[in-house]
Amino acid sequence: MPAEAELRRLVLILGDQLHDSSPALAGIDPSRDRVLMIEAPGEARAVWSHRARIALFLAAMRHHAASLAGRGIPVDYVALDDPRHAAGPDGLVERLEAAIARWRPAELHWVEPGEWRLERAVMALCERLGLRSVRFADPHFLCSRERFAEWAARQKTLRMEFFYRRMRIAHRVLVDEAGNPEGGRWNFDADNRSGFPAGGPGETPRPPRFAPDPTTLEVLALVERRFPDHPGSLEDFGWPVTRAQARAALDHFVATRLASFGRWQDAMWTDMPFGWHSLLSSSLNLKLLDPREAIDAAVRAWREGAAPLASVEGFVRQVLGWREFVRGVYWLDMPGLAEANHHRHDRPLPGWFWTGDTGMACLRACIGQTLRRGYAHHIQRLMVIGNFALLAGLAPRAVSDWFLAVYVDAVEWVELPNVAGMALHANGGRFTSKPYAAGGAYIDRMSDYCAGCRYRPRERSGSRACPFTVLYWCFLDANRPELAANPRTALMAASAARMDDAERARIRELGESMLARIEAL
């Protein structure tokens with residue numbers, strides 16, 4: 001064991017960088033180098049994090065540290081209640097500074113993180129301490145930050161569809177030898193937007209649940225003890241926390257749910273939390289699972305006749321297309337994206353965002369599921385919760401912080417563009433072609449929520465008028481010039497223009513009344 005002053009490299013592994021092939025580990029010498037992993041209470045409190053989100057990160061980190069140690073790699077693991085920090089500090093960067101003082105390395109090796117704030121803070125720390133920083137690009141992603149910026153600089157507008165096609169060709173995914181799309185189409189969205197029939201989805205396949213082992217049970221007890229006032233439940237915790245579990249989750253999805261995933265991926269139903277969704281985003285975002293193996297497994301299922309092309313293309317679009325695209329946009333547009341507020345919305349979050357206690361059945365179901373499981377699928381997030389936040393004029397930063405807090409798969413690089421940029425249109429459509437605003441009729445078409453609701457989705461007057469429908473028409477009216485100038489929303493603006501003055505005034509008055517009593521909706 002070397003004297004502390006002789007440490008050559010301190011290798012920082014962050015909580016969402018749990019892949020075995022991290023470039024920061026290349027050439028590590030156990031006699032002269034040390035891996036550093038840090039649990040920081042301040043990270044759990046930066047937003048009021050769901051207890052399942054905290055537990056997932058900590059359990060996965062502890063399993064990864066044990067895996068590294070099993071490979072003979074020495075790890076300095078700074079636990080949440082590490083006695084070396086009994087009197088503080090509780091921030092990640094502060095605990096990093098203490099470790100640097102403890103080990104006095106010649107260099108800090110680390111992989112670019114998933115958060116602009118953290119990257120800037122670590123760089124500033126190294127500069128202040130005069131410590132050489134060696135920062136690696138993250139090979140987990142199929143498009144580097146630099147390559148995305150080069151592509152974006154050549155575009156008049158940023159659109160995922162064109163980036164996605166480029167990625168398909170570059171990585172030879174679902175294209176023939178000439179680079180043409182398999183099946184003759186790049187996009188099978190038209191086949192992948194079905195709502196369930198009147199009788200509902202029928203029996204849906206259960207995703208695997210990974211029973212907590214002693215390490216995870218210890219983490220669950222720790223989170224219950226240290227964060228008792230945080231939202232959410234740990235009763236159903238069964239997320240993958242190891243590489244082997246993540247791979248098993250992928251295999252199970254491909255074998256049991258991929259074939260029907262595409263057709264039903266937008267559909268919602270009461271008491272159907274998972275449907276045919278993959279539930280792989282947490283494993284991907286923690287880097288327990290490589291996107292290449294997820295893409296390869298899905299494409300192989302199509303080639304073997306186990307899943308239709310539309311379903312496989314829909315899954316590939318999410319992983320190779322949208323996931324890579326929003327990561328590129330995040331790094332391109334930060335820090336401005338975090339403060340964007342195109343519509344100047346400033347209403348605080350209603351308290352029921354933390355309880356689910358609302359009369360709107362769709363929000364009650366989606367938020368209730370979120371608080372129980374730390375999970376909701378993309379349409380529940382975008383077209384129910386995000387849609388309401390847009391229509392109600394909720395402050396984008398508060399909404400983004402809520403989304404970052406409550407979902408187990410939330411990391412800022414993916415959460416912020418999806419919420420601020422897509423759901424809330426807070427950046428004015430920088431990378432989306434329209435605001436994702438919809439009234440109650442959309443939710444009624446895609447779910448059974450409205451059947452058990454005190455409100456009526458197609459009514460925009462009276463005591464049973466649906467808040468989504470009323471606020472949708474208020475949004476159209478308030479933003480009519482902007483919507484009319486956009487070919488994709490011109491028909492929406494034209495519909496709003498057909499209202500006479502009396503109807504417009506009545507809807508506006510009802511909308512203002514609803515927002516004034518938003519806590520009671």
S.K.: Near R344 CZ, under 6.0 Å, is it more than 12 heavy atoms from other residues, nucleotides or ligands?
M.R.: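 No - once you tally the heavy atoms of other residues, nucleotides and ligands closer than 6.0 Å, there are 12 at most.
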S.K.: Main chain of L234, side chain of R372: is a donor-acceptor contact present, judged purely on distance under 3.5 Å?
M.R.: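 Checking the backbone N and O of L234 against the side chain of R372, no donor-acceptor pair under 3.5 Å is found.
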S.K.: Between the main-chain N or O of H277 and the side-chain N or O of R257, is there a donor-acceptor pair closer than 3.5 Å?
M.R.: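 Pair found, side chain donor or acceptor close to backbone of H277.
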S.K.: Side chains of T216 and D213: do they bring a donor and an acceptor to under 3.5 Å?
M.R.: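 Present: a donor and an acceptor within the cut-off.
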S.K.: Does the S311 side chain pair with the main chain of A307, one donor and one acceptor, at a distance under 3.5 Å?
M.R.: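 Side chain of S311 to backbone of A307: no pair is present.
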S.K.: Once side-chain hydrogen bond (donor to acceptor under 3.5 Å, both in side chains) is applied, do any residues pair with H425, and if so which ones, sequence neighbours excluded?
M.R.: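 Counting only residues at least two positions away or on another chain, H425 forms a side-chain hydrogen bond (donor to acceptor under 3.5 Å, both in side chains) with H343.
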S.K.: Given 3.5 Å as the limit, does a donor-acceptor pair link the side chain of E339 with the main chain of G336, or not?
M.R.: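 Answer holds: no.
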S.K.: Under the salt bridge (Lys or Arg N to Asp or Glu O under 4.0 Å) rule, collect the residues that match up with R488, sequence neighbours excluded.
M.R.: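 Expected list: none.
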S.K.: Is the side chain of H63 donor-acceptor paired with the backbone N or O of R243 at a distance under 3.5 Å, no angle test?
M.R.: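 Here the side-chain-to-backbone pair does not exist.
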S.K.: Enumerate the side chain to side chain donor-acceptor pair (under 3.5 Å) contacts for residues 298-310, please, sequence neighbours excluded, ordered by first and then second residue.
M.R.: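 Residue pairs with at least one partner in residues 298-310: there are none.
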S.K.: Would you confirm whether Q369, through its side chain, and Y375, through its main-chain N or O, come within 3.5 Å as a donor-acceptor pair?
M.R.: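 Checking the backbone N and O of Y375 against the side chain of Q369, a donor-acceptor pair under 3.5 Å is found.
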S.K.: Name all residues meeting the salt bridge (Lys or Arg N to Asp or Glu O under 4.0 Å) criterion together with E107; count only those two or more places apart in sequence or in a different chain, and write none if there are none.
M.R.: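 Applying salt bridge (Lys or Arg N to Asp or Glu O under 4.0 Å) to E107 gives R132.
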S.K.: Flag yes if more than 12 heavy atoms outside F162 fall under 6.0 Å of its CZ atom; otherwise flag no.
M.R.: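 Check fails, neighbour count at 12 or below.
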S.K.: Can you list everything that forms a side-chain hydrogen bond (donor to acceptor under 3.5 Å, both in side chains) with R209? Sequence neighbours excluded, please.
M.R.: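 Per chain and number, R209 pairs via side-chain hydrogen bond (donor to acceptor under 3.5 Å, both in side chains) with no residue.
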S.K.: With sequence neighbours excluded, give me every side chain to side chain donor-acceptor pair (under 3.5 Å) pair touching residues 146-158.
M.R.: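 Of all non-adjacent pairs touching residues 146-158, none passes side chain to side chain donor-acceptor pair (under 3.5 Å).
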S.K.: Are any side-chain N or O atoms of R135 and backbone N or O atoms of V111, one a donor and one an acceptor, separated by less than 3.5 Å?
M.R.: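 No.
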S.K.: Got a sec, which residues hit side-chain contact (heavy atoms from CB on, under 4.5 Å) with A398, two or more places apart in sequence or on another chain?
M.R.: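 With sequence neighbours excluded, A398 shows a side-chain contact (heavy atoms from CB on, under 4.5 Å) to L349, A395, given in chain and number order.
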S.K.: Among residues at least two apart in sequence or on other chains, which ones pass salt bridge (Lys or Arg N to Asp or Glu O under 4.0 Å) with E43?
M.R.: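 Per chain and number, E43 pairs via salt bridge (Lys or Arg N to Asp or Glu O under 4.0 Å) with R117.
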S.K.: Residues two or more places apart in sequence or in another chain: which of them pass salt bridge (Lys or Arg N to Asp or Glu O under 4.0 Å) with R327?
M.R.: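 R327: salt bridge (Lys or Arg N to Asp or Glu O under 4.0 Å) contacts with E112.
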S.K.: Are N418 and W322 linked by a side-chain donor-acceptor pair shorter than 3.5 Å?
M.R.: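 Side chains of N418 and W322: pair found under 3.5 Å.
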S.K.: Check whether any side-chain N or O of S400 sits under 3.5 Å from a backbone N or O of V419 as a donor-acceptor pair, and report yes or no.
M.R.: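 Side chain of S400 to backbone of V419: no pair is present.
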S.K.: Got a sec, which pairs hit salt bridge (charged side-chain N to carboxylate O under 4.0 Å, His left out) with one end in residues 84-93, sequence neighbours left out?
M.R.: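 Every pair satisfying salt bridge (charged side-chain N to carboxylate O under 4.0 Å, His left out) with a residue in residues 84-93: R45-D90, D76-R84, D82-R84.
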S.K.: Taking R317 for the side chain and W186 for the main chain, is one N or O donor matched with an acceptor at less than 3.5 Å?
M.R.: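 Yes.
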S.K.: Distance-only, no hydrogens or angles: does the R381 side chain make a donor-acceptor pair with backbone N or O of A376 under 3.5 Å?
M.R.: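 Yes; at least one donor-acceptor contact below 3.5 Å.
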S.K.: Name all residues meeting the side-chain hydrogen bond (donor to acceptor under 3.5 Å, both in side chains) criterion together with H342; count only those two or more places apart in sequence or in a different chain, and write none if there are none.
M.R.: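 Applying side-chain hydrogen bond (donor to acceptor under 3.5 Å, both in side chains) to H342 gives E482.
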S.K.: Given the side-chain rings of W413 and F141, with only the six-membered ring counted for Trp, is the space between their centroids under 6.0 Å?
M.R.: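 Yes: the rings meet the under 6.0 Å criterion.
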S.K.: Assess whether ring pair (Phe, Tyr, Trp, His ring centres under 6.0 Å) is satisfied between W402 and W48, documenting all intermediate values.
M.R.: CA-CA 8 Å; W402 183 85; W48 198 30; over 10 Å; no
S.K.: According to side-chain hydrogen bond (donor to acceptor under 3.5 Å, both in side chains), who are the partners of R51, at least two apart in sequence or on a separate chain?
M.R.: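 For R51 the side-chain hydrogen bond (donor to acceptor under 3.5 Å, both in side chains) partners, ignoring immediate neighbours, are E224.
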